Amino acid sequence: MSETKHQLLTLLSRMLKSPPQKALSLFTSSAHQNLYHTHESVSIIIGHFLSLNMLSQAESFIVRLLSGKITSPSFTIISLLPYLTNTSNCYDAGRVYETIISAHVKAQLPVEGALLLVNEMIDRGFVPSAILFNSVLKCLVKECDFEKAWWIFERNKGRVGLDAYTFGILIKGCCENDNLKRGFEVLSEMDRMGFSPNVVVYTTLMDGCCKKGEFEKAKRLFFEMEEIGLVANQYTYTVLINGFFKKGLRKDGFELFERMKREGALPDLHTYNCVLNAYCNDGEMRKAFQLFDEMRQRGVTCNVVTYNILIEGLCKQRNVGEAKKLVSEMKSCGLSPSIITYNLLMDGYCRVGMMDKAFYLYNELKSSGLSPTVITYNVLITGCSRSENSYQVLDFVREMEERGISPSKVTYTILMDFFARCNDMEKALQVLSYMKRTDLVADVYTYSVLIRGWCDEGNMMEALKLFEIMGEMELEPNDVIYNTLIHGYCREGSSYKALKLLREMAGKGMMPNVASYNMTIQVLKGDGKQEDAQNLLAGMLKSGLKPSNTLSL
DNA sequence: GTAGGGTTAG
């Protein structure tokens, strides 16, 4: 008999005679001696725990096994299972399954393994608890495999434990997968199956409605929820308030915030951050700071996000000095600036042309242990490309790639914009073809940059080609693109082409800018098309725009 | 301890 085999047998017999904790320590210390463990030795430990109803110990032991911290990683729990659940063992096989599956989920192993075990468990006539089933469902939804989660639910809903959480997880999944309709179906299904929806379920679905811009549906859910006697909590209000603000419904957002306070649902950190963000986006910094005081007076502790919101507001107003002071303030409150804080402040400095300060912060963030992100580089590259530091643009591209950060669609667009502004459309298009070789797809912003480039060069043929490609790709051109093309056509004196685009954009409900109107009217006049010019002027006045002073008819 | 809300770049 080999030396190690002898050691193992000795160990096994000692473990069998010892109480669980002692057995475990014997096992753990043996793991350092390069002993090759077998299913028997591992199952003795787990069996000890299970037979003494020490489920959490068994579970944490299995988690350690699964993460390869106890024995070789090739030791899979699934191969252990037959030893634990065979008929000669006294353990409750259902409980063994629950313990192992739960450990599997906690160890964040691929969910397929857990699913396999759930199915096996069901096939052997055991009923997974709601807690267990939910945790597996949640994993599937998290891994963006919602269809699979749905299928598992549909297939097993009569054979597993279910509760309100199950439906909450499914509704969240529906919303994240852009399937609001099915979210509502889950809510009815829940009712049909005899489970009462709770505030969380309603809140989740309301959040989904808001994110899809379906405010009427969200409001209806809110009323429905109150009708069945459920009381909205901080989450419910915050979801709605944030939803309103995100869609520009400022008045509704502020009204709901006041109502929330009246109803006694105390706004918390998230709520205040939402409302603060709304003020900052409106440039209402005075009101933002009043609210900042209010939240602190009410004992709500602000966090890094709160400061980031205020810092962004100040930076967007070009008040980087005050923003910098807030960073010092947050530090003195014991809050460490996050990478977002740095990105915001660097962006602020870039916007006011203080590139040296931005570079200084870039070095500071690196030495503070934070890692620059693709956004960090996008900020710096944009800053360089629009300042005297344009020679540094490619240095930062190189640096980000050296750090293993892949350029995003935004990075490529910034670079296209940079070359287009240098009147180097050849390079700009090279960037586009480079981007297409990755799996990134050009969007409206990308095309607007290139179209503006061609228009600035006076090459309307190429600009129009890109405009047509956008149509083929079913990308809806925005007002920036229309205005750019209109300017281009006016510059080359093509009054009717400009007029056609003006009408096209108005037909799509977009508002041409004043310059587009002014230029088109002037070019029409130059072409002797007085009637068209007059009509356009009338249309312009009707939509509330003021013609420029230089316009004489 | 199994479900819900807030911040950055073109």
Side-chain angles (χ1 to χ4, degrees), chain A residues 56 102 105-106 129-139 141-142 161-173 175-176 186 190 197-208 210-211 232-243 245-246 267-278 280-281 302-313 315-316 337-348 350-351 372-383 385-386 407-418 420 442-449 480:
Chain A
S56 62
S102 157
V105 170
K106 281 192 187 141
S129 69
I131 291 181
L132 185 75
F133 187 64
N134 291 343
S135 69
V136 176
L137 268 191
K138 193 189 160 199
C139 277
V141 171
K142 257 197 183 154
L162 300 173
D163 59 13
Y165 286 72
T166 321
F167 296 93
I169 295 167
L170 287 172
I171 290 177
K172 173 89 172 156
C175 294
E176 279 172 355
V186 175
M190 184 174 184
N198 58 20
V199 183
V200 178
V201 165
Y202 270 102
T203 306
T204 311
L205 195 51
M206 272 186 244
D207 189 37
C210 288
K211 294 206 164 108
N233 62 17
Q234 284 108 322
Y235 283 86
T236 322
Y237 280 109
T238 308
V239 158
L240 280 177
I241 290 171
N242 191 45
F245 284 140
K246 282 274 153 68
D268 63 9
L269 177 63
H270 284 255
T271 325
Y272 277 109
N273 284 347
C274 285
V275 184
L276 276 177
N277 196 36
C280 289
N281 285 337
C302 44
N303 65 359
V304 181
V305 179
T306 318
Y307 278 101
N308 287 347
I309 290 166
L310 292 168
I311 288 165
E312 191 201 352
C315 286
K316 290 275 145 72
S338 67
I339 184 63
I340 296 182
T341 319
Y342 275 103
N343 290 346
L344 288 169
L345 203 57
M346 284 191 300
D347 189 45
C350 287
R351 281 173 200 272
T373 63
V374 65
I375 297 182
T376 313
Y377 289 103
N378 290 344
V379 164
L380 288 170
I381 295 170
T382 307
S385 76
R386 294 184 180 175
S408 68
K409 190 189 320 195
V410 177
T411 321
Y412 285 115
T413 310
I414 294 165
L415 291 173
M416 286 179 227
D417 184 52
F418 169 60
D443 64 12
V444 180
Y445 288 100
T446 321
Y447 281 105
S448 77
V449 160
V480 175

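Nothing here was measured: the structure is a model prediction, and the numbers come from that model. In what follows, chains are A, B, ... by sequence order, proteins preceding strands, each numbered from 1.
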Figure out the [atom1]/[atom2] separation between [X] and [N], and round it to whole Å.
X	N	atom1	atom2	answer
A:Leu132	B:dT2	CG	P	11 Å
A:Asn378	B:dA9	CG	C1'	5 Å
A:Ile311	B:dA9	CD1	P	14 Å
A:Lys211	B:dG5	NZ	C1'	7 Å
A:Lys246	B:dG5	NZ	P	12 Å
A:Tyr377	B:dA9	OH	P	18 Å
A:Asp443	B:dA9	CG	C1'	13 Å
A:Gln234	B:dG6	CD	P	15 Å

Base, sugar-phosphate alone, or nothing: which one does [X] contact when heavy atoms must sit under 4.0 Å apart?
X	value
A:Ile131	base
A:Val200	base
A:Leu269	base
A:Thr271	base
A:Thr446	base
A:Asp417	nothing

Given [N], is OP1 or OP2 found less than 4.0 Å from the side-chain N or O atoms of [X]?
X	N	value
A:Arg351	B:dG10	yes
A:Lys316	B:dA9	yes
A:Asn242	B:dG6	yes
A:Lys138	B:dG4	no

[N] base to [X] side chain: any donor-acceptor pair below 3.5 Å?
X	N	result
A:Thr204	B:dG4	no
A:Tyr235	B:dG5	yes
A:Asn134	B:dA3	no

Exercise. Return the minimal non-hydrogen interatomic distance between A:Cys315 and A:Leu344, and the atom names on each side.
Key: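 Heavy-atom minimum between the residues: SG-O, 3.8 Å.
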Exercise. Taking all non-hydrogen atoms of both residues into account, name the closest pair between A:Ile339 and A:Pro372 and its distance.
Key: CD1-CA, 4.0 Å
Exercise. Please step through side chain to side chain donor-acceptor pair (under 3.5 Å) for the pair A:Thr373 and A:Thr376, ending with a clear verdict.
Key: CA-CA 5 Å; A:Thr373 63; A:Thr376 313; 3.3 Å; yes
Quiz item: What do you reckon, do A:His270 and the base of B:dG6 stack, with centroid distance below 5.5 Å and planes below 30°?
Solution: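 Ring-base stacking flag not set for A:His270 and B:dG6.
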Quiz item: For A:Thr204 and A:Asp207, does a side-chain donor sit closer than 3.5 Å to a side-chain acceptor?
Solution: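 Side-chain D/A pair, A:Thr204 to A:Asp207: absent.
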Self-check item: Test item: side-chain donor near acceptor, A:Ser338 and A:Thr341, under 3.5 Å
Solution: yes
Among [options], which nucleotide has an atom closest to any side-chain atom of [X]?
X	options	value
A:Asn273	B:dG6, B:dA9, B:dG5	B:dG6
A:Glu312	B:dT7, B:dG10, B:dT2	B:dT7
A:Ile340	B:dG6, B:dT8, B:dG10	B:dT8
A:Tyr445	B:dG5, B:dT8, B:dG10	B:dG10
A:Thr236	B:dG4, B:dA9, B:dT7	B:dG4
A:Lys409	B:dT7, B:dG10, B:dA3	B:dG10
A:Ser135	B:dG4, B:dG10, B:dT2	B:dT2

Quiz prompt | Distance in Å, A:Thr166 OG1 paired with A:Met190 CE, rounded so as to fall on 0.5 Å steps | solution = 8.0 Å
Quiz item: In Å, rounded to the nearest 0.5 Å, how long is the span from CG of A:Asn134 to CG of A:Leu137?
Solution: 6.5 Å
